[in-house]
Amino acid sequence: MDAQSYNAALTELRTVRDTIKRARAELAKLEADRDQRIAQLAAYEKAKAERIAPAAGLSVADIVARAPVLAPDSLAVANAPQPAPAEHNQAAAAAEQTPAAPAPAMPPTPAQPAAPPVPAAEPTAPSQAPRTLPSIPDGDSGDAWFTHTRGLASTRPNFTQQARSTVFLDTTTGVLVHRSQTHHLDLADQSAAQILTAVFHTIPEGAERIYITAGDPWHRDTDRYPYLRDAVAAWLNAPTPGWRTDTGRGRDRMAGHFVHARHPVGRYQSENGEQHVEIRSVGEWFDVDGDDPHIVRDAFVLLWQALRRHWSDAVIMGSPSQTGRDLWTRTIPARGQHADGFPVLSEELRGLLHATAGQGRNELLTPPQVPDQLPQLIEYDRTFAYAKHTWKSPVGTPRRITTHTFANWSEKEQMRALFGCGHWHIRVTVPDAWNHIGLLPAPAPGERAWHYPAEPGATFTTWAGGPEVHTALANPLMPWKVEILDGILWEDGKPLDEWARKLKETWTNLSAQAHFQGDAQQARAAHLASRAVRAILLYGIGSFAQRPRMVTGTTPRSTEREVPRDAEIIGFDDELITWQRPTGFSRDPNAHPEWAAAVWSGARAALLTQRHRDEGVHAGALHTPPGSVVAFRTDALYLTQPQNWPYQRQPGDYLLRGHLTGPLTAPTNEEELLTLRDAGRAALTAGQEA
């Protein structure tokens, strides 16, 4: 792209921006009209929120927020038994945080014998007030959280995972690859029904998994829906003659469709129940850049062969997170200290970690924190970053460390605890002379939003992992004031070490193949396979976090009263209403949010500072001049000045990914940042090839 094309593209982008603004304004008018109609309906003496909700395409909580007069009189009414429409369990997506403590607040998911509370009403306009994070109750009630869930532990499997027959399909070209054979399908409308019919007609023995390598057929009707999720839900739930939604089988409890805007999963079974098949996006594993299905197939073959060198029974499952957790369970010791498995924390502590341990750091610094005109934009990305932080993880029964206990320890004991595996409730004060970026996450408006206060003298209360707390106290610039209000401390263990070591060796082997392979197609396949290994570790760690599950379901429009009261309407057409609702935590034997939290905390701390022992140098955002950090994106740093950080192709090393010369207008939103990022990567590649 030359400068003229770049400027023309910017003009077109501004046109799209203005169109979006007009569309949002129109949407705001429609929503105001809808809310007015809800208020009119609420004036009817026999009006009920559960009837208005599906008609409005909102949840009951949304209706009550707009018309409080419709709120139930008691919990008994709110939790009256509901009809049981057909429900489908979504796949667990995948895939870290002296003075008296503040008043205790229960986390959102404690185990309670009573009926669940009424869902919190969502305000019409998003609140700008920061979230208040939960804390551990005082006294015996809080101490009771520090245990494990009875009868629930991760144990080594005593069965061999079965491989599934897989095909690879480009729905744009119709090219289907099955083993060593290539077929061409006629996919006029790219519906799920047509894909299933064509694949099973072409391959009489059938397939159990269909990977879509290109075409994104679930986006074919996006112009008919306001949001991508609506279009995806409609595609998944469209009629499929001869097939119905899968309800699960055997050890595989994954059932029903997984509605995701870009990487959905359609699960179907034949009417006679004899055949089960998934339609999935290969984008769950790696980004495909015009690669045909043959290369994608070869990538999966190389991946399987490389994993088999470390796991004799390795099987590639539907998603990286499923594969990662299955491989991990096969590293659980058969004898020794953890031969009985790794117990799962109490539901209360899991709920606390879910609410207080964020994942990657995503932050954009805008003027006046950075110059209006950037001299350049340089992107550094930490290679295979999470693999750097799996050598130590929490094990054993956690201990509660109160502010009194911590204060009575010696300085050596305090630092040992902060170096250990812990999650701390803290009050933080930014130094008065501070002039750099924020160091610790604080809750921001939004369900899972975090920001990083850096204003001198600012004080906030939050939760953070040991690596971040230690970095704040011992950073290379000046120590922050951190007061321990409460904490959770585990023994140091290595439950992930063997698993991660094997994946790192697999990644190294495939990366070397990609670098030295003489055949361009095989080199590309090896590169994609190495990216798949990264996804296995990344999403495998995320799956340990075990977010509360969502259930999706459909209800005929003729029986819309049967939509569950706590459900959110995510799509509807003339025949069906599609909805989803949270079901809380399942009894997952592999739920270990403490492991995910520890890895995420270590990764966020390493974005600030990390030492390269062999070279004796430090890298990270705190080793750059103030005002030179433009953004963080999970494992990546965006700077205005280049850095001479060592890169030895090891996990955690900072790789130069993009370099765009300026002057450049500082980005003010994510879209602008990503546009500059892509331009910077293209410019760096062009410069390297020149």
Side-chain angles (χ1 to χ4, degrees), residues 89 91-96 109 111 145-162 250-254 307 310-315 317-354 357 386-387 389-399 421 423 488-503 536-549 584-600:
N89 186 18
E96 328 76 350
T109 54
W145 291 13
F146 288 75
T147 184
H148 293 108
T149 300
R150 187 184 301 274
L152 197 61
S154 305
T155 57
R156 191 183 184 95
N158 57 5
F159 64 94
T160 300
Q161 194 68 251
Q162 297 299 308
R251 296 180 182 275
D252 186 1
R253 299 183 186 85
M254 295 301 178
L307 291 174
H310 298 284
W311 286 275
S312 61
D313 55 353
V315 168
M317 302 181 71
S319 70
S321 61
Q322 290 173 318
T323 306
R325 290 220 295 186
D326 180 69
L327 293 176
W328 172 76
T329 61
R330 297 173 193 280
T331 64
I332 296 175
R335 62 179 68 89
Q337 181 181 4
H338 298 293
D340 292 333
F342 295 94
V344 173
L345 292 175
S346 69
E347 190 169 345
E348 290 85 356
L349 281 186
R350 280 182 282 151
L352 182 74
L353 287 164
H354 169 63
Y386 285 2
H389 306 287
T390 54
W391 64 276
K392 181 177 71 173
S393 302
V395 295
T397 304
R399 291 187 292 154
C421 296
H423 191 60
I488 311 167
L489 187 63
W490 290 266
E491 301 172 20
D492 294 353
K494 294 182 176 294
L496 304 178
D497 191 51
E498 180 184 354
W499 172 72
R501 176 179 54 78
K502 290 181 175 181
L503 289 176
I536 287 173
L537 186 134
L538 178 70
Y539 294 115
I541 288 171
S543 70
F544 287 124
Q546 198 230 3
R547 304 302 187 195
R549 292 177 182 266
F585 292 115
S586 67
R587 282 185 60 83
D588 184 349
N590 295 321
H592 293 286
E594 69 276 19
W595 297 349
V599 171
W600 292 337

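Hydrogens, waters and symmetry mates play no part in the numbers below; they use all other heavy atoms, side chains included. Just so you know, these numbers come straight off a predicted model, no measurement behind them.
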Report the distance from atom [atom1] of [X] to atom [atom2] of [Y], rounding to the nearest 0.5 Å.
{"X": "Ile541", "Y": "Trp328", "atom1": "CD1", "atom2": "CH2", "answer": "12.0 Å"}
{"X": "Trp595", "Y": "Asn590", "atom1": "CH2", "atom2": "CG", "answer": "8.0 Å"}
{"X": "Cys421", "Y": "Ile488", "atom1": "SG", "atom2": "CD1", "answer": "12.5 Å"}
{"X": "Ser543", "Y": "Leu538", "atom1": "OG", "atom2": "CG", "answer": "10.0 Å"}
{"X": "Ser312", "Y": "Arg330", "atom1": "OG", "atom2": "CZ", "answer": "9.0 Å"}
{"X": "Phe544", "Y": "Tyr539", "atom1": "CZ", "atom2": "OH", "answer": "16.0 Å"}

Output yes when a side-chain donor or acceptor of [X] lies under 3.5 Å from a complementary backbone atom of [Y], and no otherwise.
{"X": "Ser346", "Y": "Leu349", "value": "yes"}
{"X": "Trp311", "Y": "Leu327", "value": "yes"}
{"X": "Lys494", "Y": "Lys392", "value": "no"}
{"X": "Thr390", "Y": "Leu496", "value": "no"}
{"X": "Arg350", "Y": "Leu345", "value": "yes"}
{"X": "Thr155", "Y": "Gly341", "value": "no"}

**Prompt:** Is the count of non-hydrogen atoms from other residues, nucleotides or ligands lying under 6.0 Å from Arg156 atom CZ greater than 12?
**Reply:**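 It does: Arg156 CZ has more than 12 such atoms within range.
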
**Request:** Count the heavy atoms belonging to other residues, nucleotides or ligands that lie under 6.0 Å from CG of Asp340, then report whether that count exceeds 12.
**Result:**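 Not more than 12 within 6.0 Å, no.
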
**Prompt:** With side chains defined as the heavy atoms from C-beta onward, is the minimum distance between His148 and Thr397 less than 4.5 Å?
**Reply:**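 The answer is yes; the side chains approach within 4.5 Å.
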
**Request:** Would you check if Ile332 and His338 make a side-chain contact, meaning some heavy-atom pair closer than 4.5 Å?
**Result:**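 No - every pair of side-chain heavy atoms lies 4.5 Å or more apart.
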
Might you point out which heavy atoms bring [X] and [Y] nearest each other, and give the distance in Å?
{"X": "Ala314", "Y": "Leu307", "value": "CB-CB, 4.0 Å"}
{"X": "Ser154", "Y": "Pro589", "value": "OG-O, 2.5 Å"}
{"X": "Ile536", "Y": "Gly324", "value": "CG2-CA, 3.5 Å"}
{"X": "Trp490", "Y": "Pro398", "value": "NE1-CB, 3.4 Å"}
{"X": "Ala334", "Y": "Ala339", "value": "O-CB, 3.7 Å"}

**Asked** Once the angle between the rings of Phe342 and His592 is folded into 0 to 90°, is it parallel (under 30°), tilted (30 to 60°) or perpendicular (over 60°)?
**Response**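 The rings of Phe342 and His592 stand perpendicular, inter-plane angle above 60°.
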
**Request:** Evaluate side-chain hydrogen bond (donor to acceptor under 3.5 Å, both in side chains) for Thr160 paired with Asp313, printing each intermediate quantity in order.
**Result:** CA-CA 7 Å; Thr160 300; Asp313 55 353; 5.4 Å; no

**Request:** Run through Gln161, Gln322, Gln162 and flag the one making a side chain to side chain contact (heavy atoms under 4.5 Å, CB included) with Val315.
**Result:**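 Checked Gln161, Gln322, Gln162 against Val315; only one passes side chain to side chain contact (heavy atoms under 4.5 Å, CB included): Gln161.
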
**Prompt:** In terms of side-chain geometry, is the basic nitrogen of Arg325 or Asp588 positioned less than 4.0 Å from the acidic oxygen of its partner?
**Reply:**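 Asp588 and Arg325: salt-bridged.
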
**Asked** Should Arg501 and Asp497 count as an ion pair when the cut-off is N to O under 4.0 Å?
**Response**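 Looking at Asp497 together with Arg501, the answer is no, because their closest N to O distance does not fall below 4.0 Å.
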
